[in-house]
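Before any comments, here is the structure.
Note that these values count all heavy atoms, side chains included, but never hydrogens, waters or copies made by symmetry. In this chain, residues are counted from 1 in sequence order. All of these numbers come straight from a predicted model, not from anything done at the bench.
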Amino acid sequence: MKKYNVGVIGATGMVGQRFLSLLENHPFFNVVCLAASKNSAGKKYKDAVKRWLIEKSMPEKFADMTVLDAVNDIKKIVSKVDFCFCAVNMPKDEIRTLEEAYARAECPIVSNNSAHRDTFDVPMIIPEINAEHLEIIKEQRKRLNTKRGFIAVKSNCSLQSYVPLLHPLKKFGIKCATVCTYQAISGAGKIFETMPEIADNVIPYIGGEEQKSELEPLKIWGKIQDGKIVPATAPTITAQCVRVPVADGHTAAVFVKFENKPTKEQILNAWKEYAGEPQLLSLPSAPKQFINYFEEDNRPQPKLDRNIENGMAVCAGRLREDSLFDYKFIGMSHNTLRGAAGGAVLLAELLAAKGYFD
């Protein structure tokens, strides 16, 4: 595999930090450029980062790199890289404009942001589930009038805790599902020291999260028609999302009803046997076992299980029949690895393997 020069836009925030920890020794990608807000521009990375927020230390190889201005240095950044990861913290309309500016400048963007998730020709990818949606990129390039430039995005972080568990069960005909997510504070870019209000507490509202949780799976399960990704119309998903005092790892309580109710053994086999393009291609960040099921009643737990397969696996447990729905179970995934930077790196590996950066 050819080695690609990459940039990280929004490098100073929590997800940007996670990107750099994952890319420090990546076999495909060589980080040559860091960008952030104008307040950070011109500083060494170690000076621009106000607080290092993740458990791994800042990689020394990036500490003395000079941070560029993500908005005003686009031409300079594009000249250095084959593509960029994007994890900026800006208003959504400004992110949309910025990412499109890079794409039009012939720099592919692999985004962690939500700004383009509902754009009709931008693929929103969980690599094991809907890799075929990358085919829409050729239509997006026509709209943008580009040869190389495009935008591809990963889905909302909380989806990783339940959509990968529902997906292998679609063959049984999912009628509807109810999902309650219990989301870690890192999903808000916080640690316990910077979110004192979460101590001894649950916050029963995360802005915009329930709408994303209900609608984004339908785009992921949609089809490409007439140059657009047309979202699926079923199954119906209803969601409640709460913030809980957990550092990393989103947990989901899932209730599901089927058209053709499977046995418990059929569900467990579907999870165990499921694999996607990343596993078939042996991509560097791909978990060998995508879905890990726990027989113990008290698992999965974020503190114990979020780092399985380097934080890129999806965990499940407590599968049992339900009195109102057909089945209920617990899902869990690492929200800043599988759900954010790691998911975007895996998406970039998939794009690289399929030649989209060439």
- Message: For Phe19, run the ring pair (Phe, Tyr, Trp, His ring centres under 6.0 Å) check against Phe62, Phe85, Phe29 and tell me which one passes.
- Response: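 Exactly one candidate clears the test, Phe85.
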Pair [X] + [Y], salt bridge at N-O below 4.0 Å:
X: Glu295; Y: Arg318; value: no
X: Asp305; Y: Arg299; value: yes
X: Glu55; Y: Arg18; value: yes
X: Glu139; Y: Arg143; value: no
X: Asp121; Y: Lys228; value: no
X: Glu216; Y: Arg117; value: yes
X: Lys46; Y: Glu60; value: no

- Message: Test side-chain hydrogen bond (donor to acceptor under 3.5 Å, both in side chains) on His334 and Gln160; report intermediate values, then the result.
- Response: CA-CA 8 Å; His334 196 307; Gln160 317 297 323; over 6 Å; no
Tell me if the [atom1] atom of [X] is crowded by more than 12 foreign heavy atoms within 6.0 Å.
X: Lys43; atom1: NZ; result: yes
X: Lys80; atom1: NZ; result: no
X: Gln240; atom1: CD; result: no
X: Lys261; atom1: NZ; result: yes
X: Asp73; atom1: CG; result: yes
X: Asp64; atom1: CG; result: yes
X: Lys61; atom1: NZ; result: yes
X: Asn298; atom1: CG; result: yes

Can [X] be said to sit on top of [Y]'s aromatic six-ring, NZ or CZ under 6.0 Å from centre and within 45° of the ring axis?
X: Lys328; Y: Phe255; value: no
X: Arg148; Y: Phe83; value: no
X: Lys264; Y: Phe329; value: no

Does the side chain of [X] reach to within under 4.5 Å of the side chain of [Y], using non-hydrogen atoms?
X: Val254; Y: Thr178; result: no
X: Phe357; Y: Phe28; result: no
X: His167; Y: Tyr274; result: yes
X: Glu277; Y: Leu283; result: no
X: Leu166; Y: Trp221; result: yes
X: Leu34; Y: Thr12; result: no
X: Gln17; Y: Met58; result: no
X: Cys84; Y: Pro108; result: no

Short question: side chain of [X], backbone of [Y] - any donor-acceptor pair under 3.5 Å?
X: His250; Y: Ala184; result: yes
X: Glu106; Y: Gly149; result: yes
X: Thr119; Y: Val122; result: no
X: Gln225; Y: Val230; result: no

- Query: Between Val246 and Ile185, is a side chain to side chain contact (heavy atoms under 4.5 Å, CB included) present by the stated rule, with each step listed?
  - Reply: CA-CA 6 Å; Val246 171; Ile185 61 174; over 6 Å; no
- Item | side chain to side chain contact (heavy atoms under 4.5 Å, CB included) evaluation trace for Val256 with Phe258 | CA-CA 7 Å; Val256 60; Phe258 295 97; 3.7 Å; yes
- Message: I'd like to know whether Lys219 forms a side chain to side chain contact (heavy atoms under 4.5 Å, CB included) with Ile229, so could you lay out the CA-CA distance, the side-chain angles of the two residues, the decisive distance to 0.1 Å, and finally the verdict.
- Response: CA-CA 7 Å; Lys219 181 174 181 180; Ile229 299 172; 4.0 Å; yes
Which atom pair, heavy atoms only, marks the closest approach of [X] to [Y]?
X: Cys315; Y: Ile308; answer: SG-CD1, 4.0 Å
X: Leu337; Y: Gly311; answer: CB-O, 3.5 Å
X: Val81; Y: Cys33; answer: CG1-CB, 4.0 Å
X: Ile330; Y: Leu165; answer: O-CD1, 4.3 Å

- From CA spacing to verdict: side chain to side chain contact (heavy atoms under 4.5 Å, CB included), Ile77, Tyr102: CA-CA 9 Å; Ile77 293 166; Tyr102 276 90; 3.2 Å; yes
- Query: Between Glu99 and Asn113, does any side-chain donor sit less than 3.5 Å from a side-chain acceptor?
  - Reply: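 There is such a pair (donor and acceptor under 3.5 Å, judged by atom type) between the side chains of Glu99 and Asn113.
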